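Notes follow the structure.
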2 protein chains.
Amino acid sequence: MARTDERFREAYNAMLDYCETLATGDQLPAEHGLAGHLNVSRTVVRSVLERLGGAGLLHWQGRNKTLLRRPEAGDRLPVQSDPISADELERHFLDWVLRFDVPPGTPLNVTEMARKFGVAPHSLQEFLASLSRFGLVRRRPRGGWELVGFTRDYAIELSDFRMVLELNAVSHLAALPTDHPIWPQLAALEAEHHALAAEIDTRYHDFSLLDERFHAAIGSVVRNRFVTEFQKVITLVFHYHYQWDKKDERERNLAAIDEHLRVITALTDRNESAAVAAARDHLRTSKQTLLSSLRNHALV
Amino acid sequence: MARTDERFREAYNAMLDYCETLATGDQLPAEHGLAGHLNVSRTVVRSVLERLGGAGLLHWQGRNKTLLRRPEAGDRLPVQSDPISADELERHFLDWVLRFDVPPGTPLNVTEMARKFGVAPHSLQEFLASLSRFGLVRRRPRGGWELVGFTRDYAIELSDFRMVLELNAVSHLAALPTDHPIWPQLAALEAEHHALAAEIDTRYHDFSLLDERFHAAIGSVVRNRFVTEFQKVITLVFHYHYQWDKKDERERNLAAIDEHLRVITALTDRNESAAVAAARDHLRTSKQTLLSSLRNHALV
DNA sequence: CAATTGTTTTTAATAATTGTATGCAACCTG
DNA sequence: CAGGTTGCATACAATTATTAAAAACAATTG
């Protein structure tokens with residue numbers, strides 16, 4: 001079989017559902033109507049009708065579509081569960097790369113990975129092609145793919161790019177009107193930062209998630225499809241690397257909380273330049289953390 | 001044939017070249033050595049040897065590889081020229097979309113387009129997948145692709161994103177040391193702007209190219225793979241739309257030259273804030289031009 | 001003549017095929 | 001018998017062929 005007949009199978013089962021609402025001897029509606037009802041093309045409807053005829057459920061000749069008997073449980077066609085979505089695939093892939101610390105230059109085996117992630121090889125191919133725009137993977141000279149991965153250069157350029165995007169977001173944010181929903185959100189975040197700082201000795205590992213939410217909140221004020229696309233990748237990369245570097249985690253996180261609070265305070269005061277300066281400081285620290293995390297990790 | 005045997009054909013011809021350096025009766029080196037010499041795998045070498053045997057050029061049995069006669073011109077296998085590269089494909093595609101003003105929502109027929117651009121359908125698929133990261137195309141619910149295209153929203157977000165990237169570049173540029181190659185480059189551009197302004201009545205349509213070079217020069221100081229990737233698209237979009245809007249072209253271009261010169265002057269003076277302000281003004285104008293060009297174009 | 005069905009064409013997803021690469025074990029040969 | 005060489009087997013990705021699905025068009029029926 002060239003392509004899966006999953007669509008046909010689902011339509012067939014849906015048709016059985018519909019037949020159960022009828023009585024033996026009833027006429028089924030027109031092909032077009034059924035197609036609309038099942039949300040498939042007429043071609044599929046006709047295949048379904050033919051199969052129903054073969055199963056002895058239906059007498060079908062021209063416009064005559066008489067139900068011969070009510071469908072039973074055994075009439076249903078088995079249908080396998082549908083594959084995961086593109087977004088899930090992306091998360092899975094980045095998760096795999098970052099969690100297992102796949103080294104740069106690793107050849108990526110499309111067939112094997114497709115099996116591992118439970119998607120068609122074709123879909124994975126497509127996904128890798130789209131990832132190549134972020135420079136995370138690239139085609140090898142004579143076929144196949146290879147992970148470019150998180151080299152030092154990549155990390156630096158990603159951090160720099162993040163800085164550009166986020167400073168812009170901070171700038172925008174400072175100019176937003178008082179009734180914008182971001183302000184209560186920031187106030188809530190500020191309280192959470194204070195709460196975490198107070199219990200830093202026991203809860204310092206909770207910071208990673210708070211950091212993610214803080215940056216997501218700031219990024220959310222810029223409605224731009226290009227920015228959004230990048231932030232997905234940036235968030236994941238920083239999230240994982242933050243968790244890698246266990247050295248001085250408590251101190252680092254306490255310092256970062258302070259940096260966050262400086263940004264929030266400046267923003268609340270509508271002091272744009274102070275907010276931008278505070279954000280720049282924080283992002284510089286963050287970049288250094290990322291780089292040192294890469295260094296330490298390379299030694300393992 | 002499942003995949004092209006271009007690699008085999010090239011190796012075969014290269015092997016003929018090599019055989020011409022030998023005399024009749026000579027022994028050929030080991031498979032592995034030939035593989036290294038021809039830069040292909042041993043499998044290909046063995047196929048080549050087999051074919052040479054079939055052509056009566058070689059007696060091959062085990063490690064006995066005796067050249068029976070010198071190759072002639074007629075022995076060569078024809079090889080077709082290789083298809084265009086990914087970058088060429090990108091230019092072709094954007095060129096097609098922008099030049100023919102393909103409307104948003106147009107379904108993209110992979111087979112047909114592959115024929116038109118002279119690439120394998122597979123390659124085009126991959127290219128579309130990578131373009132989907134820029135939101136220029138997207139997958140349709142049940143298979144196939146569709147052009148999202150340059151809607152008003154897209155143009156606005158693209159312009160905003162361009163502004164973020166370019167203001168950052170201007171900021172960086174202002175801080176570069178005196179011996180950086182950008183400064184003579186800027187000086188040359190300044191002179192060209194003055195020259196064009198002096199002859200604006202006859203040469204006003206030359207501005208589009210100068211504009212492109214001006215922005216490319218500014219963008220070149222930021223070495224960042226993510227920025228570079230986007231600038232390719234941005235450049236093309238603005239380049240074409242600039243040429244669309246014929247209304248008041250002379251005046252618009254003259255004004256833009258002035259805006260460019262303001263940026264250059266501020267940069268030369270190392271006055272960062274003035275340079276950023278001038279660039280912001282120019283990019284705002286540019287955004288308006290893009291939007292009005294879309295409006296006018298939609299009426300055609 | 002409007003609704004419905006029959007037929008054909010087109011398109012995209014996937015299975016199957018084939019070219020290419022590579023690892024391993026057997027084999028020769030000095 | 002050790003080093004190199006070959007034969008064989010396997011793995012993988014690019015492409016072709018096939019098939020499911022959709023859509024367009026023509027014919028038919030009430």
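We name chains A, B, ... by the order of the sequence lines, and we start the count at 1 in each one. All values reported here derive from a predicted model rather than from experimental measurement.
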Exercise for the section: Could you work out which one of C/dT7, C/dA21, C/dG23 sits closest to the side chain of B/Arg42? Expected result: C/dG23
Problem - Interatomic distance where CZ belongs to B/Arg115 and P belongs to C/dA12 [whole Å] - result: 11 Å
Completion exercise
One should read off an interatomic distance between B/Arg152 CZ and B/Glu157 CD, to the nearest 0.5 angstrom, of 12.0 Å
Completion exercise
Per atom distances to the A/Thr43 side chain, the nearest of D/dA23, D/dC8, C/dA12 is D/dA23
Handout entry: Length of the CD-P vector between B/Glu50 and D/dG7, whole Å
Key = 10 Å
Practice task
Send over the distance from B/Asn64 CG to D/dG7 P, rounded to a whole Å.
Solution key: 11 Å
Fill in the blank from the handout: Whole-Å distance, B/Asp5 CG to C/dT17 P, equals 19 Å
Exercise for the section: May I ask you to say what B/Leu108 touches in the nucleic acid, namely base, sugar-phosphate or nothing, with a heavy-atom cut-off under 4.0 Å? Expected result: sugar-phosphate
Exercise for the section: Kindly say if B/Ser41 contacts the phosphate of C/dA21, meaning a side-chain N or O under 4.0 Å from OP1 or OP2. Expected result: yes
Practice task
With heavy atoms under 4.0 Å as the rule, sort B/Thr111 into base, sugar-phosphate or nothing.
Solution key: sugar-phosphate
Practice task
Could you check whether the rings of A/Phe230 and B/Phe226 sit parallel, tilted or perpendicular, using 30° and 60° as the cut-offs?
Solution key: perpendicular
Practice task
Please work out whether the ring planes of B/Phe117 and B/Phe93 are parallel, tilted or perpendicular, with thresholds of 30° and 60°.
Solution key: perpendicular
Completion exercise
note: B/His122, atom NE2; D/dC12, atom C1'; distance rounded to Å ~ 13 Å
Exercise for the section: In whole angstrom, give the distance that lies between atom CG of A/Asn109 and atom P of C/dG23. Expected result: 14 Å
Practice task
Could you state the atom-to-atom distance from CE of A/Met113 to P of D/dC12 in whole Å?
Solution key: 13 Å
Practice task
Using a heavy-atom cut-off of under 4.0 Å over every strand shown, decide if A/Gly33 touches base, sugar-phosphate, or nothing.
Solution key: nothing
Exercise for the section: State, without any angle test, whether B/Thr66 and B/Gln27 hold a side-chain donor-acceptor pair at a distance under 3.5 Å. Expected result: yes
Practice task
For B/Arg140, answer base if it contacts any base atom (sugar-phosphate contacts may also be present), sugar-phosphate if it contacts only those atoms, and nothing otherwise; contact means non-hydrogen atoms under 4.0 Å.
Solution key: nothing
Problem - Residue whose nearest DNA chain C nucleotide is more 5′ - B/Gln125 or A/Gln61 - result: A/Gln61
Show me the protein contacts with nucleotides 1-4 of chain C, counting only N or O atoms at under 3.5 Å.
from, atom 1, to, atom 2, distance (Å)
C/dT4, O2, A/Arg63, NH2, 3.3

Problem - B/Arg138, CZ atom: more than 12 neighbouring heavy atoms under 6.0 Å - result: no
Problem - A/Gly62 vs B/Trp145, nearer the 5' end of DNA chain C by closest nucleotide - result: A/Gly62
Handout entry: B/Arg7 vs C/dA21: side-chain N/O to OP1/OP2 distance below 4.0 Å
Key = yes
Problem - Spacing of A/Glu6 atom CD relative to D/dT19 atom P, expressed in whole Å - result: 19 Å
Problem - Side-chain donor or acceptor of A/Ser47 paired with backbone N/O of A/Thr43 under 3.5 Å - result: yes
Practice task
Answer yes or no on whether A/Arg140 is positioned over the face of A/Trp145, meaning its NZ or CZ is under 6.0 Å from the six-membered ring centre and within 45° of the axis.
Solution key: no
Problem - Per B/Arg46 side chain, nearest of listed nucleotides C/dA12, D/dG7, D/dA13 - result: D/dG7
Handout entry: Whether over 12 other heavy atoms sit under 6.0 Å from B/Arg223 CZ
Key = no
